Amino acid sequence: MKLAYVEDDVDARTIFIRRLKTEGFECDAFGTAEDLLKVAAPGGYDLLLIDIRLPNTDGVKLLK
């Protein structure tokens, strides 16, 4: 399963990505919504894990 994780807190992002990879997930980590949108394509990820509070936007707006 390939997932994208969007989290602006560097420490939280590092911890969660490390744990998800240990569990066998293929993960891409992003610090902002804009970073994800630069590379995301429809169907490119099986799961999106998105922080609800992000710089310049929020997780709900990003999903739209």
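Numbers here simply count residues along the sequence, with the first being 1. Not measured: the values here are computed from a predicted model. The basis for the numbers below is simple: all heavy atoms, side chains too, and nothing from hydrogens, waters or symmetry mates.
- Clustering ILVMFWY residues whenever any of their side-chain heavy atoms sit less than 4.5 angstrom apart, transitively, puts Tyr5 in a cluster other than the one holding Leu37.
- Listed here is the closest heavy atom pair of Ala4 and Leu36: CB-CD1, 3.9 Å.
- The distance from atom CZ of Arg53 to atom CG of Asp8, rounded to the nearest 0.5 Å, is 10.5 Å.
- Here SG of Cys27 is found 10.5 Å from CE of Met1. Values are rounded to the nearest 0.5 Å.
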When you look at Lys38 and Glu34, which way does the salt bridge (charged side-chain N to carboxylate O under 4.0 Å, His left out) test go after all the steps? CA-CA 6 Å; Lys38 288 177 188 175; Glu34 294 81 9; over 6 Å; no
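- For Asp46 (side chain) and Lys2 (main-chain N/O), a donor-acceptor pair under 3.5 Å exists by modelled atom type.
- The residue from Leu49, Leu47, Leu48 that alone fulfils the side chain to side chain contact (heavy atoms under 4.5 Å, CB included) condition with Tyr45 is Leu48.
- The CD1 atom of Ile15 lies 10.0 Å from the CD atom of Glu7; values are rounded to the nearest 0.5 Å.
- No donor-acceptor pair under 3.5 Å is formed between the side chain of Asp51 and the backbone N or O of Leu54.
- Using a 4.5 Å cut-off on side-chain heavy atoms (C-beta onward), Leu20 and Leu3 make contact.
- The hydrophobic cluster containing Phe30 also contains Ile50, counting ILVMFWY residues as joined when their side-chain heavy atoms lie under 4.5 angstrom apart, directly or transitively.
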Stepwise, does the side-chain hydrogen bond (donor to acceptor under 3.5 Å, both in side chains) test hold for Asp11 with Thr14? CA-CA 5 Å; Asp11 292 332; Thr14 302; 5.6 Å; no
